[in-house]
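On a predicted model such as this, the values are computed, not experimentally measured, just so you know.
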Amino acid sequence: RRTPLRRQRRGPLKARVGGASCLNAPAARSLPSDRADLEAVVAASAEMAPCYGNNGQLSRDERVQLYGILCEDQVTWSDWTPGVESVCDLVLQNVFLVTQEVKFKLPPTKEFDMPYPEPFKLAPGMRKSIPISFRPSKYEPHVDQVQIITKAGSFFVTVKATVKDIALFVPPFIDFGLCPTSEKSETQFEVYNTGTLKASVRWHAKPPFTVRSPGDTIDVGQSMRCVVEFEPQTASVFDALVVCEARDASSSSIAAAVEDASVVSSGDAQQAKAYYVKSTGVGKMPHLCVPGVSSPEVHFGDVFPGNRTPKTLEILNTTPVRASFSVRALHDRGEILPLPPVAFSVSPESGVVEPHGKYTLTFYFQSHTVKEHACQRFQITTPGGIPLVVKCAAFSRPMDVRLSTRSINFGEIPSGTQKVYSRTLQIHNDSDRPAPYHFINVDNKTGVFSFDRPHGTVPANSFMVVSVFFGPLAPINYYKLVSCVVKGALAPLTLHLMGSVHTEKSRPARLEQKHVDIFQDMQLRGVKEHPPPSDKKPGATAAEDELELPEDDDDPQAQASSGRLVSATQSFLELMLPADSRQRDIALSVSDLDFGSCSTMTMSEKKVVTITNRTSQKVCVTWMIPGETRMPVTPDDKSLLGVYPSTCDIAPRGSHDFAVSFRPRNDCSYEGEILEAVVYQKVNRTFRLVDLEKFTPPWTVAIKGVGHTMGVTRNDPRLDLAEGHIRFRACHPGERTYQVAMLTNPGDTTISYRVL
């Protein structure tokens, strides 16, 4: 029977208080089951009990091993009110296998009360509840002890009453290390509420340290993430204490306590607690530069209009702190700001360069202004460092677009052949971007001179073939100066179109390009027109006599030398000069006719157009009407415009009125057409009356007529502009500059527009 008990007693029994071993004798065995063994264990325990410190306060495991009594370490009152009695039970349980006699001593303080301390016996496994009454008179912490006495010895159980208090946990130390000057550096930390009250917090810090918190209160058991900011203004070492003032959130607010300190009672002042966070940091000035260059420049070179060309620039941070930068355009006082849209841009406009790191900036240049020398300075600034200035320069190079020839002469053509003649023309684009073009003073396959591609786009570094058609019927000379406007080109490309038509009875003189060149050179020299043969006097026409005809018109070099180089101003002025300008030899009273709403069944109301002859010679006017004075370009080519009379003579310095009407072809549409008139001096009707040295080429004038058959139908037109802003290059006072804007109709209906 005792043999298994001896085997159980082989294991030593240890107990620790404060980390020191107090039982290491082999007498400490497992719990005995008979009376004799129990007495031996109790006797040994009684001898060893005095070795425990802390007034005999043991842990639960130690009490069980030594005394066989299982109970709580302490009895606590947490939610109580002064003047109100509250009772908690101290439960004792006998875990030995024998009955024990237990008694207790009352706490010395009067706030804690217990029944009369009569000894009692506890059978194995039984429990005993001892009520402890707490009768406080003040709201303050109370701590006492209850002594439990057994035959094996005594131990203490703490009884205490806690008050609700504020308790926060904040980090004691924050180190920012090296930070850039005049720039905020921040770090985050958590503030925990470990107390029993909802806490209101207020931070106190002096520059360069500041604290940002998302709220003013922290609930019990919760945390709040705060941010400490460090913004040094000088390159120095900074060391400061950041104070967190905590108060009970249910009492008066912290703001009121700070603003009116006299209102705060002494009790409230005692409730405030301060928590300190030591903060350190070192301010250092950042510095950005471009390696190997003291004054950095970005050169874009020659850029075609519309191209967006990038250039990169690498900047270096030579300091051990980060450098936050921003890039902006630099303008001195009194400097004229660039007009929108600005040609230069940079990406990104701000960023951060890491310590001893590199950063790449990309500068862009894009300009639609032809022949513009652009220059812009950019300043790269850091909050605490020296600014870095970068200069950007570029030239907006005109598009390299040219025609294969400057003149097309169809020669002498017999009238009545009912044939349309054609020639080919090449448009060369030597640029690296597509070139949109438009022959702006010709209509789409209408007129005596017409094109199969009056507008389009020439691919980059390529060419396009355009066919030119000539279908005359009247036996006269024909001449027209056609202007091809190219997006991004310096000036319009001019093309001279001419031809001579004759019959057996009427044969005008053959018109050549040299006659046109002589006439234009004469007008550039200030002589407006050739004098009539009868007015020729010795010495009166010295300016005209100086004009000599080229010997060979077929030689390209002779053609190039015979005509002067036309400037961009002259080319644009020829296009934009009003039709009724006094500088024109043949003027129109109006060039644009809007007939409004019309019907396809009848002709519209007539409008009057007056042609004025400002020369000293009688002129003849012939309107180019398909089927009458010119060949129809297409089988269904019928003029939308009717004019009366179709031919007439105008006296020198005289004028004549023409009635023009409009008749559209289609319903629910906008329609328009260009109607041309060839005006020539009457002496040119036969070669016998023409002085080839003073041959005046004919003039071609045109009117534009538009109308619609939409009625009350609503039409929502769509029109796209290539640019929202048109910026002209800088010019001298009195100088003219021009820009080309491109309009696109993406819809399915013809649009009638007017520039106001």
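Under the 4.0 Å criterion applied to side-chain N and carboxylate O atoms, Arg614 and Glu529 are not assigned as salt-bridge partners. Looking at Glu372 and Arg727, a side-chain N of the basic residue comes within less than 4.0 Å of a carboxylate O on the acidic one, giving a salt bridge.
Checking side-chain atoms of Asp452 against main-chain N and O of Ser467 turns up a donor-acceptor pair under 3.5 Å. Using modelled atom types, no side-chain atom of Arg630 and backbone atom of Ile625 make a donor-acceptor pair closer than 3.5 Å. Within the 3.5 Å criterion, the main-chain N or O of Val458 finds a donor-acceptor partner in the side chain of Asn429. Checked by atom type and distance alone, the side chain of Glu671 never pairs as donor or acceptor with a backbone atom of Pro664 at under 3.5 Å. Between the side chain of Thr686 and the backbone N or O of Leu689 there is no donor-acceptor pair closer than 3.5 Å. A donor-acceptor pair under 3.5 Å is formed between the side chain of Asn409 and the backbone N or O of Leu511. Under the 3.5 Å distance criterion, the side-chain polar atoms of Gln366 are left unmatched by any main-chain donor or acceptor of Asn307. No donor-acceptor pair under 3.5 Å is formed between the side chain of Asp667 and the backbone N or O of Thr709. Proximity of a side-chain donor or acceptor of Arg525 to a complementary backbone N or O of Met522 within less than 3.5 Å is not detected. In this structure, Ser599 contributes its side chain and Met601 its backbone to a donor-acceptor pair below 3.5 Å.
Contact detail for Arg663 and Thr602: the closest heavy-atom pair is CG-O, 3.7 Å. Here the shortest heavy-atom pairing between Thr696 and Asn684 reads O-ND2, 2.9 Å. Heavy-atom minimum distance, Pro305 versus His368: CB-CA, 4.3 Å. Nearest approach of Arg406 to Asp517, heavy atoms of both residues: NH2-OD2, 2.8 Å. Here the shortest heavy-atom pairing between Pro652 and Asn613 reads CA-ND2, 3.6 Å. For Pro434 against Met399, the heavy-atom pair with the smallest separation is O-CE, 3.8 Å.
The local environment of CZ in Arg688 is sparse, with at most 12 non-hydrogen atoms from other residues, nucleotides or ligands closer than 6.0 Å. Counting non-hydrogen atoms of neighbouring residues, nucleotides and ligands closer than 6.0 angstrom, the CD atom of Gln583 reaches no more than 12 such neighbours. Residue-environment remark: NZ (Lys528) exceeds the threshold of 12 foreign heavy atoms within 6.0 Å. Atom OH of Tyr644 has 12 or fewer neighbouring heavy atoms from other residues, nucleotides or ligands inside a 6.0 Å radius.
Here the side chains of Val501 and Tyr478 are in contact, with some heavy-atom distance below 4.5 Å. Residues Asn441 and Val482 have side chains in contact (heavy-atom distance under 4.5 Å, counting atoms from C-beta outward). Inter-residue side-chain proximity for Val706 and Tyr670 is flagged as unmet; no heavy-atom pair is nearer than 4.5 Å. Residues Gln523 and Asp585 have side chains in contact (heavy-atom distance under 4.5 Å, counting atoms from C-beta outward). Between Arg729 and Gln739, every side-chain heavy-atom pair lies at or beyond the 4.5 Å cut-off. Between Ile726 and Phe728, the closest side-chain pair of non-hydrogen atoms falls below 4.5 Å. Counting heavy atoms from C-beta on, the side chains of Ile674 and Lys704 come closer than 4.5 Å. Taking the side chain as every heavy atom from C-beta outward, Glu412 and Arg507 approach each other to under 4.5 Å.
Between His438 and His455, the two ring planes are perpendicular [angle over 60°; tilted spans 30° to 60°]. A perpendicular orientation is assigned to the rings of Trp623 and Phe658, their planes being inclined by more than 60° (bins at 30° and 60°). Taking the six-membered ring where tryptophan is involved, the planes of Phe365 and Phe344 are tilted, since the angle between them lies from 30° to 60°. Note: Phe439 and Phe451 have parallel aromatic rings, judged against thresholds of 30 and 60 degrees for the angle between ring planes.
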Item checked: CA sep, side-chain torsions, deciding dist, call: Cys731, Arg736, side-chain contact (heavy atoms from CB on, under 4.5 Å) -> CA-CA 7 Å; Cys731 59; Arg736 294 177 182 264; over 6 Å; no
Margin query: Before you tell me yes or no, could you show the steps for Val442 and Ser450 under side-chain contact (heavy atoms from CB on, under 4.5 Å), namely the whole-Å CA-CA distance, both residues' side-chain angles and the distance that decides it to 0.1 Å?
Written below: CA-CA 7 Å; Val442 295; Ser450 60; over 6 Å; no
Margin query: Using side-chain contact (heavy atoms from CB on, under 4.5 Å), reason through Arg754 and Leu756 one step at a time and then give a plain yes or no.
Written below: CA-CA 6 Å; Arg754 183 181 299 273; Leu756 301 178; 4.0 Å; yes
Check: What's the verdict on side-chain contact (heavy atoms from CB on, under 4.5 Å) for Asp432 and Phe304, showing C-alpha distance, side-chain angles and the deciding distance?
Finding: CA-CA 8 Å; Asp432 61 357; Phe304 287 110; 2.8 Å; yes
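Here CD1 of Ile703 is found 10.5 Å from CD of Glu676. Values are rounded to the nearest 0.5 Å. In this structure, the separation between CD on Glu512 and CD1 on Ile518 is 11.0 Å, given to the nearest 0.5 Å. Atom CG of Leu425 is separated from atom CG of Leu403 by 5.0 Å, given to the nearest 0.5 angstrom. Put simply, CD1 on Ile751 and CG on Leu719 are 5.0 Å apart, with the number rounded to the nearest 0.5 Å. The distance from the CE atom of Met498 to the CG atom of Leu481 is 9.5 Å, given to the nearest 0.5 Å.
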With a cut-off of 3.5 Å and sequence neighbours excluded, list every side-chain donor-acceptor pair involving residues 586-595.
unit_1 : atom_1 : unit_2 : atom_2 : d
Ser589 : OG     : Thr610 : N      : 2.9
Asp594 : OD1    : Gly596 : N      : 3.0

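No close placement of the Tyr421 and Phe410 rings is indicated, their centers lying 6.0 Å or farther apart.
Legend: ring-ring contact (aromatic ring centres under 6.0 Å, His included) pairs involving residues 673-698, not counting sequence neighbours, sorted by first then second residue: His515-Phe695.
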